[in-house]
Amino acid sequence: MTDHHDFDKNYLENGKGFKSWFFTVDHKRLGVMYLWAIGVFFVLAAIASFLIRFEHLSPGQTIISAQTYNVLFTLHGAVMVFLFIVPGVAASFGNFLIPLMIGARDVIFPKLNLYSFWIYCAGSLILLLSLAAPVDTGWTFYTPYSIDTGTNVILVTFGVFVLGFSSILTGINFIVSMHKLRAPGLTWDRLPLFCWAAYATSLLQVLATPVVGITLLLLIGERYFGLGFFDPAKGGDPVLFQHFFWFYSHPAVYIMILPAMGIISEVIPVFSRKPIFGYKAIAYSSLAIALISFLVWGHHMFTSGQSKLINIIFSVITFAVAVPTAIKVFNWLWTMYKGSVELSAAMLYSLAFIFLFTIGGLTGLFLGALAADVHLHDTYFVVAHMHYVMIGGTVFGLFSAIHFWYPKMWGKMFDEFKAKIAFTLIFIGFNIVFFPQFILGTQGMPRRYFNYAPEFETLHQLSTYGTWILGVGFIYMLYTLFKPVGAADSNPYRSVSLEWQMPSPPPTLNFKEIPTVTTSTYDYGTKVEQEA
Amino acid sequence: MASANPYKTYLNIWLLLMFLTFITVYAAEFDFGALNVPIALLIASVKAGVVALHFMHLKYEDSMTWIFAIYPLFLLFLLIAFSATDIFTRVAN
Amino acid sequence: MQIMKFIKSLAYPSEMLPPIVEEESHFDPETEHSAAKLGMWLFLATELLLFGGLFAAYAIFRAKYPVMFAEGSANLDVVLGSVNTVILIFSSWTVAVAVTAIQENKIKLVQVMLWITLICAAIFGINKYFEYSYKLSNGIGPGTDIFYSIYFAATGVHMLHVFIGMAVLGVILKRTYEGRYSKEKFTAIEIGGLYWHLVDLIWIYLFPLLYLVG
Amino acid sequence: MDWLPTSASTFAPQVDSILWLVTIISVVSCILVGFLLIYFVVKYRRRSDNDQTPAITHDSFLETLWTVIPTILCILIFIYGYVYYDKYTTPTKGAYEINVTAQRWSWSFAYPNGKKTFNELYVPINKPVRLVMQSKDVLHSFFVPAFRVKQDVIGNRYTFINFTPTKEGVFDIYCTEYCGISHSDMLAKVHVVSDIEYAKWESGDSADVENAYAGMAPDKIGEQLYSSKGCVACHSIDGANGVGPSWKNLFGLEREFIDGTKEIADENYIKTSILYPVNPPQGKVVKGYAPVMPSYQGLLSDSEITAIIEYIKTIK
């Protein structure tokens, strides 16, 4: 029809101006826009967290009031969870990569993909509108506090409800794309592990999100009509709200982490020049996690007043989920065995992911053990555990992806050396922020506390100083990324997977001819020593 | 994809559904005690199954569609089973 | 005029998009058809779980407050409920016929059937309106007790789906007059029909649970 | 600084043993992962751009190994966690039952002998205690780090905590379920005392308290009560608006109430407000504030109320 059929034109050059981006159906442009959006929200929520940490430099009021503090941690949690990390890697890199990896010209429902993005924008806007009278419930909206607090709960929950549709529609799009659009020869056991992870994530998005949707709708009903399901004063049950909420929010943890795991599975083989170790185990454990993660939500509620029997059941199943995760960690490690390992910035982030995620996972064992959780629940131990998984895991995975696919996305290279300096600062800063919090929590420092006892001061201060290093590292990373140095080859890392076998940046229609796949995505190394 | 005379089949199915609706209402006249809900749910499920299989053509769909049609039912069961287990085993500990 | 244009652009965003959106599909019609159906089934799965929260709340509170549920249920109008059930199942049948008819290129039949469906849906809505207003005039509303909260929440969310279904089928009906569908191209009617059947399915459960089992 | 808090109940050493067990497992695993990571990175670093690598895709033995070992460890940790949790949740027959009421943002305790205390829990050493807890408003959570016990407190339903204190002393009670603006000030103390002292405290009604304050000026006593009875959670003394009105310059000030009436804040007004804060007809809630203050009837003696009034007079 028009010039976009010109195959030589890459997706970045095909059309200029706001309209050509905001109304595009090109999955690559949508992926890039999601990346921008989550980046902006990440910075917003990070600023909130810096203020929170600054407040803790001394006990009592340091810079902000108690009410502002409560608003800030709610804002930090809600924006980080619903605007940044849930759409996060799946929507940005999922959109950019899945069609390239499966050898398709786009996702199966390109227009729906655009609508999902619009819905995401609308939901974010609604959620942020609530800043006019900011909410102080915490991102978990526990009843009955959220029913009777005077703040803008309805607007925020409605925003989350709308965002849910974006999540669901993106999930449907990815699942159906992977069923219907894989290139000839790209069988399920040749599919890149990032796609497997995205598939498992999409399943969770499609099946878990509606439950939180109805829960938040009912919460709105509680506030408007006084429905009473979650209000003890009306014969309802606040713990039931927690059941409904965590039925979504526990699988949501895996919505956040699985795509990052997928990224690690892509990056490590490339920089080790080895096939991924235990392809099937990693692929199936993604699926296993997706299925079992629906069975463990109650481990967020061991001290909530849940019955003893159900606590025990949830504890057992929780330990069952720990196993597939352990398998993945060792498989990634063993991929490097006898390889040819190059420590690029992307690889450094991936290796840091393995280490930090191991700590995050192991500290989960403390929380899964019933008697220990009684002590540790709702303390800083949980805060530290969660951030080791979410930052040490997801965010490090995202940074790895940003560096790894940078040449493919922008057609340019960044300064590797500077990127490694930024990595070092981020890694050190992160650990200084969050490791002391494990100790704080074990000593009994509760979370969501504006004020704290003087004996916790040293560790709190240490943690706050860490945020400054982390912040500097993050700014330096952005600086490095915004200053490209020279053009990129189509395949600077000599990867064998499909998305690198095309020009950088990719042409608008991806493939002139749909490719036929004949080998595995991880076809590295010589076959002499295969299978002892 | 449809059978020889789909309109006739649909009409039969519709008549069956009407009959089942009548049974549901009629059965509610009697008190079966604890069986009231299971009976109502059983009839409703038969109706739902008929609608899904014939009107929604689930009969002709591939196994993937079947999985996506049935798996949410399993999740719904989990949601109810676990939260009910909690609420009805809360003896004083 | 500007406003009308804007509203129209909301309904048909594609009309104001750059040409790239109007690109013909990258995929063959067969793939597109089966993909749309699979996508719709996935969407139905989410709809089912959306109602799942309500069913779970129903199950738990019914077991907790059996007397309240028995009394509340006895106060609901079984006749009106039964009439609505018959109407909704009938409309499900008409949609099923419409989907088959389009595959035989019988556009006229499709249009008649979709009109009947829409009328049935409207009657369903009017009945619900009478039911709600009767309850509300007697001082019974959401929040009266847990049973009525469930009743209003469940039927309310269901009613919302009826409206959405009406909108979907309405747009499809309009497009049949524009000649957009044929024997070769009927995916929209089929997945619109699937959505309508789901609305029916949910009601098949809600009716006995709310009106009959006391 | 010790990484574990004081251990002062029979449950605490049990929890600590799990914490130690999992810590050891974690440290060993972390060292293993960290070592392998660094070893592989160094040993197999890229030497030339055309390094030959073997195409190892899997190894059934290794994979079974790192499936089985974590599984065994997980089962072990679960069993530990379960056994101690079971002990903790099983009440001892004849335990000393204390009723706990949580409300924003204070704790009150009612004892079997009819005594009541506020933000101060008294328990005898080495006697099993059972707390029967309920919330008057939103969710709260009762947490004593020294005892390693924690349980959410819910409205319209009782929840329970069992513990046997093993060490005399004063320990912190925290609220760990977020409950609003003064969540982090919803603090209390638990006093573990010997049997003899406990008996004294039980029989002595407020005599002990009076003795403790012997020789102190009333306004100084009031200043102590201000923090020990939880007034500090809602009322500032520096003029800042909290949940309730500030006490600065309060005495003698004209107050306007939500029903539009006015009154001068004198001794009688303050006493009435402490005893009947929100219940009409006596209760007068100052305009601009929510009617959330709990009644201190039975929790403060007349002389203590007088002391608080004297203290308020001094805050200028």
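Excluded from the calculations below are hydrogen atoms, water molecules and symmetry mates; all remaining heavy atoms, backbone and side chain alike, are included. Within every chain, numbering begins at 1; the chains are lettered A, B, ... in the order of the sequence lines, protein sequences first and strands thereafter.
- Both tests do not hold together for A/R448 against A/F73: distance to the six-membered ring centre under 6.0 Å, angle to the ring axis within 45°.
- Counting heavy-atom pairs closer than 4.5 Å to chain A, the top-ranked of the candidates D/D49, D/I18, D/V42 is D/D49.
- None of D/R46, D/R45, D/R47 except one satisfies the side chain to side chain donor-acceptor pair (under 3.5 Å) rule with A/S340; the exception is D/R46.
- Proximity to chain D (any heavy atom under 4.5 Å) is restricted, for A/I276, to the backbone atoms N, CA, C and O.
- In terms of heavy-atom pairs under 4.5 Å with chain A, the best-connected choice from D/Y84, D/F40, D/Y178 is D/Y178.
- By the 30° and 60° cut-offs, the orientation of the rings of A/Y449 relative to D/Y174 is perpendicular.
- The pair A/D523-A/R190 does not count as a salt bridge, with every side-chain nitrogen at least 4.0 angstrom from each carboxylate oxygen.
- Contacts of A/P238 with chain D are made by side-chain atoms alone, with heavy-atom separations under 4.5 Å and no backbone atom involved.
- Heavy-atom distances place both the backbone and the side chain of A/A372 under 4.5 Å from chain D.
- Between atom OG1 of residue D/T57 and atom OH of residue A/Y524 there is a gap of 15.0 Å, rounded to the nearest 0.5 Å.
- Proximity to chain D is limited to the backbone of A/T137, based on heavy atoms less than 4.5 angstrom apart.
- The candidate with the highest count of non-hydrogen atom pairs below 4.5 Å against chain A, out of D/P70, D/S48, D/G155, is D/G155.
- The most heavy-atom pairs under 4.5 Å with chain A, out of D/V83, D/D86, D/D137, come from D/D86.
- Considering only heavy-atom pairs separated by less than 4.5 Å from chain D, the leading option among A/R494, A/Q67, A/K280 is A/R494.
- Between D/K150 and A/D373 there is no salt bridge, since none of the side-chain N atoms of the basic residue sits less than 4.0 Å from a carboxylate O of the acidic one.
- A/R447 and A/D378 are joined by a salt bridge, as a carboxylate oxygen and a charged side-chain nitrogen come within less than 4.0 angstrom of each other.
- Heavy-atom distances place the side chain of D/I154, and not its backbone, under 4.5 Å from chain A.
- Closest non-hydrogen pair, A/Q306 versus A/F314, comes out as OE1-CE1, 3.6 Å.
- Taking chain A as the reference chain and counting heavy-atom pairs below 4.5 Å, the highest number among D/N156, D/V22, D/D51 is found for D/V22.
- Both the backbone and the side chain of A/L376 come within contact range of chain D, each with at least one heavy atom under 4.5 Å from a heavy atom of that chain.
- Proximity to chain A (any heavy atom under 4.5 Å) is restricted, for D/L62, to the side chain, taken from C-beta onward.
- Annotation: side chain of D/P245 is in contact with side chain of D/Y289 (closest heavy-atom distance under 4.5 Å).
- Using a 4.5 Å heavy-atom cutoff, the side chains of A/N451 and D/D185 are in contact.
- Note: A/W334 leads A/Y69, A/Y522, A/W334 in heavy-atom pairs under 4.5 Å with chain D.
- Under the 30°/60° scheme for interplanar angles, the aromatic rings of A/F438 and A/F435 are found to stand perpendicular.
- Ranked by heavy-atom pairs under 4.5 Å with chain D, the list A/T143, A/N311, A/T140, A/T379 is led by A/N311.
- Heavy atoms closer than 4.5 Å to chain A are found in both the backbone and the side chain of D/V33.
- Of the residues considered (A/L343, A/T335, A/I354, A/T442), A/T442 shows the highest number of contacts with chain D, using heavy-atom pairs under 4.5 Å.
- Taking CG of A/L370 as the start and NE2 of A/H377 as the end, the distance is 12.5 Å to the nearest 0.5 Å.
- If you measure heavy-atom distances from D/D16 to chain A, you find no contacts under 4.5 Å at all.
- Contact count versus chain D (heavy atoms, under 4.5 Å) is highest, among A/A453, A/S315, A/S146, A/G339, for A/G339.
- If you tally non-hydrogen atom pairs under 4.5 Å between each of A/V329, A/L333, A/T358 and chain D, the highest count goes to A/L333.
- Between A/Y142 and A/F241, the ring-plane angle classifies as perpendicular under the 30° and 60° cut-offs.
- Contacts of D/L187 with chain A are made by side-chain atoms alone, with heavy-atom separations under 4.5 Å and no backbone atom involved.
- With a 4.5 Å cut-off on non-hydrogen atoms, D/E177 touches chain A through its backbone and its side chain both.
- Both the backbone and the side chain of D/C175 come within contact range of chain A, each with at least one heavy atom under 4.5 Å from a heavy atom of that chain.
- For D/L32, the part lying under 4.5 angstrom from a heavy atom of chain A is the side chain only.
- In summary, the aromatic rings of D/F11 and D/Y88 are positioned with their centroids under 6.0 Å apart.
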### Message
Evaluate A/T151 against A/D136 for side-chain hydrogen bond (donor to acceptor under 3.5 Å, both in side chains), listing each step before the verdict.
### Response
CA-CA 7 Å; A/T151 49; A/D136 67 344; 3.2 Å; yes
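- Only the side chain of A/Q242 comes within less than 4.5 Å of a heavy atom of chain D; its backbone N, CA, C and O stay farther away.
- For the set D/S29, D/S141, D/S17, D/G180, the entry with the most heavy-atom pairs within less than 4.5 Å of chain A is D/G180.
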